[in-house]
K.L.:
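Dumping the structure here so I can ask a few things about it.
Throughout, a chain's letter reflects where its sequence line sits, starting with A, and its residues are numbered from 1.
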Amino acid sequence: MASFWPFAGLACNRDGAAIRLDPAEGGRLHWKNLMGDRRGRQVVRVRYAPSPTGTLHIGGARTALFNYLFALHQGGRFVLRLEDTDRARQVEGSEAAMMRGLASLGLIWDEGPDVGGAYGPYRQSERGEYYRRAANQLLEQGRAYRCFCTAQELADERERRRRQGLPPRYSGRCRALLPEVAAGRAADQPYVLRLAVPPSGSTVVDDLIRGKVEFENAQIDDFVLTKPDGTPVYNFAVVVDDAQMAITHVIRGEEHLSNTPKQMLVAEALGLKVPEFAHLPMILAPDRSKMSKRHGATSVDEYREQGILAQALANYLLLLGWSSPEGREFMSIAEAGQRFDLDRVQRTAAIYDQKKLEWMNGQYLRMLPAAKVAQAALPFVRGSGMDLAQGPALTCAVELVRERSRTLRELVDNMRFLYQAPAAFDPKGVQKYLSEPEAGARLGVVARALKSVAPWDHDHLSLAFDKVAAELGVKRALIIHPVRMAVTGKTVGPGLFEMLAALGPEKTIRQLERVARLLESGEGISVSAAAD
RNA sequence: GGCCCCAUAGUCUAGAGGCCUAGGACGCCGGACCCUCAUUCCGGAAACAGCGGUUCGAAUCCGCUUGGGGCUACCA
């Protein structure tokens with residue numbers, strides 16, 4: 001673990017590149033490529049840097065995943081940094097939620113606020129000293145200047161320009177202030193620090209996914225670096241942090257592409273080397289707009305609550321913007337790590353598709369060992385009011401119903417009858433299979449016949465049904481469906497014999513007799529549309 | 001408005017000038033199997049946004065148009 005201020009002397013670690021802040025040179029930030037790996041190559045370092053303003057969002061999860069896979073593939077390090085400079089936007093518990101979300105997907109960070117690392121601290125709120133130093137350097141060198149304009153003045157200016165049909169930019173008025181004058185006013189007036197952006201020339205972002213993108217400096221206004229209280233604004237903080245943390249590749253969402261030239265300008269003013277950039281396509285909602293709450297689940301937590309397995313979600317996210325060279329879709333994170341390459345990242349925004357996610361989840365439900373699925377289903381079982389002691393082992397129930405379930409929620413729903421007798425019956429099913437006058441009597445006959453079935457397994461049950469059908473002179477299906485209805489309350493479900501085998505003789509017979517009695521006494525059975 | 005990015009079926013994508021009468025996956029439709037549903041297996045409909053170039057040849061290169069998205073905060 002590094003001390004809070006590792007810059008006295010050499011700030012580096014065995015991994016290689018680092019910034020050095022030499023007090024002898026007025027605390028200037030220097031980029032030093034201190035050492036590479038054994039072959040002299042710079043070690044890859046990537047980061048995921050969320051702002052703790054909520055839970056882990058699906059887009060953020062995909063960004064984190066791609067960073068993680070890139071590090072995995074390159075043998076690099078994955079860093080977690082919290083961008084919490086704007087205190088007003090902080091959400092209580094968000095930091096923990098973010099970390100929980102990442103961990104649940106199997107994305108483990110090598111360095112971060114909780115585990116530490118040689119380039120900490122990993123919360124921007126704890127890195128004030130770095131920003132202060134960098135800000136002072138820029139001010140001293142005349143690369144940044146103090147701006148005393150009030151929020152009202154700026155708003156007025158923007159409005160004026162907008163009315164004239166001009167882009168709403170800051171005029172750069174305070175840039176003309178003499179340094180002595182500005183320093184004097186700074187004593188008793190609040191101010192922000194702005195970058196003195198070169199009025200001409202252009203800045204080229206050489207993006208690993210999009211190629212060279214050129215921005216004219218004249219289009220960029222003198223943006224704010226630090227607020228009146230000295231806290232840094234995003235475009236300033238990232239640059240200082242990425243450099244100090246020796247980040248080699250910045251892989252992030254496309255919404256940051258337009259910010260990149262600003263960050264490069266800051267880096268240039270500070271004399272820092274810029275990392276490589278890769279801007280990932282966005283993930284959009286089905287209506288092509290940005291994903292938000294009104295589109296349903298957007299956070300990793302919500303997917304978990306829906307009964308989506310972490311593996312399935314990670315696998316699905318992997319496919320949003322990346323494809324494997326062999327065209328394989330099912331892949332573990334480790335397998336993806338072996339293949340992951342920025343060359344195969346798509347440039348087009350992807351629209352998120354819940355159907356395919358659920359399909360994929362269903363596949364995982366079938367592929368995974370039953371014990372694993374059972375474990376994942378446990379929280380849902382607990383929330384369902386079912387008592388596992390009242391029925392077969394959970395793994396057994398999983399085997400029985402996993403094939404027709406797409407989420408853990410459905411899975412647990414589908415196995416309910418094993419642990420508690422149905423409280424209500426599907427009305428359509430009752431109409432179709434239990435409404436004939438002799439329905440009750442038939443169930444009674446079946447119940448009686450089943451009493452002598454031994455051993456109680458699929459084949460013997462099947463034989464018993466053949467016999468009863470023959471005695472009654474009806475087709476087998478004519479008793480199979482009513483029995484399924486009586487036992488589960490539903491018209492759909494697993495094969496009847498596997499189902500009864502899992503249910504066991506006592507409960508099967510008791511339930512058949514109960515329904516038979518209800519039907520014959522004319523009491524009727526309770527019907528509910530909810531029992532589907 | 002200005003600047004920037006993007007454009008293969010409803011959706012995710014393969015495709016890096018001739019291998020493309022454009023391949024795969026989800027979804028959809030039809031069929032087979034079955035005690036229902038689901039699985040599985042067959043089969044089907046469905047796309048290179050438009051227009052101009054370049055080239056012997058363009059989904060692939062260039063330009064324009066159109067459409068979508070992003071940035072333009074003392075948010076990140």
K.L.:
Give one of base, sugar-phosphate or nothing for G493(A), where a contact means two heavy atoms less than 4.0 Å apart.
P.N.:
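Result for G493(A) = base.
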K.L.:
Need to verify one output field. Residue with the more 5' nearest nucleotide on RNA chain B, I480(A) or R347(A)?
P.N.:
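Its nearest nucleotide being more 5', the pick is R347(A).
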K.L.:
Identify whether any heavy atom of S51(A) sits under 4.0 Å from a base atom; if not, whether one sits that close to sugar-phosphate; answer base, sugar-phosphate or nothing.
P.N.:
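The answer is sugar-phosphate, as S51(A) gets under 4.0 Å only of primed atoms, P, OP1 or OP2.
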K.L.:
Name the nucleic acid region contacted by F223(A), choosing base, sugar-phosphate or nothing; use a 4.0 angstrom heavy-atom cut-off, strictly under.
P.N.:
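F223(A): no heavy atom of the nucleic acid under 4.0 Å.
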K.L.:
Distance under 6.0 Å and angle within 45° of the ring axis: does R62(A) meet both against F66(A)?
P.N.:
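Yes, R62(A) and F66(A) form such a contact.
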K.L.:
Between P232(A) and Q124(A), is there a side-chain heavy-atom distance shorter than 4.5 Å?
P.N.:
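Answer no - side chains too far apart.
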K.L.:
So do the side chains of Q263(A) and V274(A) get within less than 4.5 Å of each other, counting heavy atoms only?
P.N.:
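They are not in contact (no side-chain heavy atoms under 4.5 Å apart), so the answer is no.
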K.L.:
Strictly distance-based, threshold 3.5 Å: is any side-chain N or O of R210(A) a donor or acceptor partner for the main-chain N or O of H279(A)?
P.N.:
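Between the backbone of H279(A) and the side chain of R210(A) there is a qualifying donor-acceptor contact (under 3.5 Å).
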K.L.:
Taking atom C1' in both A58(B) and C51(B), what distance in whole Å separates the two?
P.N.:
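That atom pair is separated by 15 Å.
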K.L.:
On RNA chain B, compare the nucleotides closest to Y352(A) and W359(A); which residue's is nearer the 5' end?
P.N.:
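It is Y352(A), whose closest nucleotide lies nearer the 5' terminus.
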K.L.:
Give one of base, sugar-phosphate or nothing for L478(A), where a contact means two heavy atoms less than 4.0 Å apart.
P.N.:
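The answer is nothing, as L478(A) stays clear of every strand by at least 4.0 Å.
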K.L.:
Going by heavy atoms in the side chains, are L411(A) and R402(A) under 4.5 Å from each other?
P.N.:
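Yes, close enough: below the 4.5 Å cut-off.
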K.L.:
Would you classify H256(A) as touching base, sugar-phosphate or nothing, given that sugar-phosphate means primed atoms plus P, OP1 and OP2, and contacts are heavy atoms under 4.0 Å?
P.N.:
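Contact class for H256(A): base.
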K.L.:
Taking any strand in view, what nucleotide pairs with G52(B) in a Watson-Crick or G-U wobble way, both distances under 3.5 Å?
P.N.:
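Answer to the pairing question: C62(B), which forms a Watson-Crick or G-U pair with G52(B).
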K.L.:
Look at all strands and tell whether E214(A) reaches a base, only sugar-phosphate, or nothing, counting heavy atoms closer than 4.0 Å.
P.N.:
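The answer is sugar-phosphate, as E214(A) gets under 4.0 Å only of primed atoms, P, OP1 or OP2.
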K.L.:
Indicate whether any N or O donor in one side chain lies under 3.5 Å from an N or O acceptor in the other, for D222(A) and Y145(A).
P.N.:
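A pair is found: one side chain offers a donor N or O, the other an acceptor, under 3.5 Å apart.
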K.L.:
Look only at the side chain of Y303(A) and the backbone of A297(A), and say whether a donor-acceptor pair between them is shorter than 3.5 Å.
P.N.:
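A pair under 3.5 Å: yes.
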K.L.:
Taking the side chain from T488(A) and the backbone from R484(A), do they hold a donor-acceptor pair closer than 3.5 Å?
P.N.:
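Between the backbone of R484(A) and the side chain of T488(A) there is a qualifying donor-acceptor contact (under 3.5 Å).
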K.L.:
Tell which nucleotide pairs with C3(B), taking only Watson-Crick or G-U wobble pairs whose two distances are both under 3.5 angstrom.
P.N.:
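Matched C3(B) with G70(B) under the 3.5 Å cut-off.
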K.L.:
Base, sugar-phosphate or nothing for E403(A)? Non-hydrogen atoms, less than 4.0 Å.
P.N.:
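It contacts base atoms.
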K.L.:
Would you check if F277(A) and I209(A) make a side-chain contact, meaning some heavy-atom pair closer than 4.5 Å?
P.N.:
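When only atoms from C-beta onward are counted, I209(A) and F277(A) do not touch, as no gap falls below 4.5 Å.
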K.L.:
For C6(B) and U65(B), measure between their C1' atoms and round to the nearest Å.
P.N.:
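Rounded to whole Å, the distance is 15 Å.
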K.L.:
Applying a 4.0 Å non-hydrogen cut-off, can you work out what S323(A) is touching in the nucleic acid: base, sugar-phosphate, or nothing?
P.N.:
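Sugar-phosphate, backbone atoms only, no base.
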K.L.:
Say you pick atom C1' in G15(B) and the same atom in C61(B); how far apart are they, in whole Å?
P.N.:
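15 Å, rounded to whole Å.
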K.L.:
Give one of base, sugar-phosphate or nothing for R406(A), where a contact means two heavy atoms less than 4.0 Å apart.
P.N.:
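Sugar-phosphate contact only - R406(A) comes under 4.0 Å of backbone atoms but never of a base.
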K.L.:
Sticking with atom C1', work out how far U72(B) lies from G27(B), rounded to a whole angstrom.
P.N.:
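Rounded to whole Å, the distance is 39 Å.
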K.L.:
Would you please classify the geometry between the F497(A) ring and the H458(A) ring as parallel, tilted or perpendicular, with 30° and 60° separating the classes?
P.N.:
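H458(A) and F497(A): perpendicular rings.
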K.L.:
Which is true for V192(A) with a 4.0 Å heavy-atom rule: it touches a base, it touches only sugar-phosphate, or it touches nothing?
P.N.:
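Result for V192(A) = base.
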K.L.:
If you look at every strand shown and take non-hydrogen atoms under 4.0 Å, does R169(A) touch a base, only sugar-phosphate, or nothing?
P.N.:
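Here R169(A) touches no strand at all.
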K.L.:
Say you pick atom P in A9(B) and the same atom in C71(B); how far apart are they, in whole Å?
P.N.:
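The same atom, P, in both gives a distance of 25 Å.
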K.L.:
Counting Watson-Crick and G-U wobble pairs only, both distances under 3.5 Å, name the nucleotide matched with A45(B), or none.
P.N.:
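In the structure as shown, A45(B) has no Watson-Crick or wobble partner.
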K.L.:
Rounding to an integer number of angstrom, what distance separates A46(B) and C26(B) when you compare their C1' atoms?
P.N.:
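Taking atom C1' in both A46(B) and C26(B), they lie 14 Å apart.
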K.L.:
Considering only the P atoms, how many Å lie between A47(B) and U21(B), rounded to the nearest integer?
P.N.:
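These two P atoms come out 16 Å apart once rounded.
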K.L.:
With R194(A) as the cation and Y170(A) as the aromatic partner, state whether NZ or CZ is under 6.0 Å from the six-membered ring centre and within 45° of the axis.
P.N.:
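Yes, cation above the ring, under 6.0 Å and within 45°.
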K.L.:
Enumerate the residues from residues 83-92 of chain A whose closest heavy atom to RNA chain B is under 4.0 Å, giving them by residue number; use none for an empty result.
P.N.:
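Going residue by residue through residues 83-92 of chain A, the ones with a heavy atom under 4.0 Å of RNA chain B turn out to be E83(A), T85(A), D86(A), R89(A).
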K.L.:
Under 4.0 Å, counting only non-hydrogen atoms across every strand here, what does R484(A) touch: a base, just sugar-phosphate, or nothing?
P.N.:
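Base contact.
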K.L.:
Indicate, with a heavy-atom threshold strictly under 4.0 Å, whether Q346(A) touches base, sugar-phosphate, or nothing.
P.N.:
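Since only primed, P, OP1 and OP2 atoms lie under 4.0 Å of Q346(A), the category is sugar-phosphate.
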K.L.:
May I ask which nucleotide in the shown strands pairs with G10(B), Watson-Crick or G-U wobble, both distances under 3.5 Å?
P.N.:
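The answer is C26(B), by the H-bond criterion.
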K.L.:
When the C1' atoms of G50(B) and A59(B) are compared, how many Å lie between them, rounded to an integer?
P.N.:
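Approximately 14 Å lies between the C1' atom of A59(B) and that of G50(B).
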K.L.:
Are there more than 12 heavy atoms of other residues, nucleotides or ligands under 6.0 Å from atom CD of Q164(A)?
P.N.:
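Count over threshold, so yes.
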K.L.:
Walk along RNA chain B from 5' to 3' and tell me the first and last nucleotide with an atom closer than 4.0 Å to a non-hydrogen atom of chain A.
P.N.:
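Range of nucleotides within reach of chain A: G1(B) to A76(B).
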K.L.:
Name the nucleic acid region contacted by E329(A), choosing base, sugar-phosphate or nothing; use a 4.0 angstrom heavy-atom cut-off, strictly under.
P.N.:
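Base: the residue E329(A), judged by heavy atoms under 4.0 Å, touches a nucleobase.
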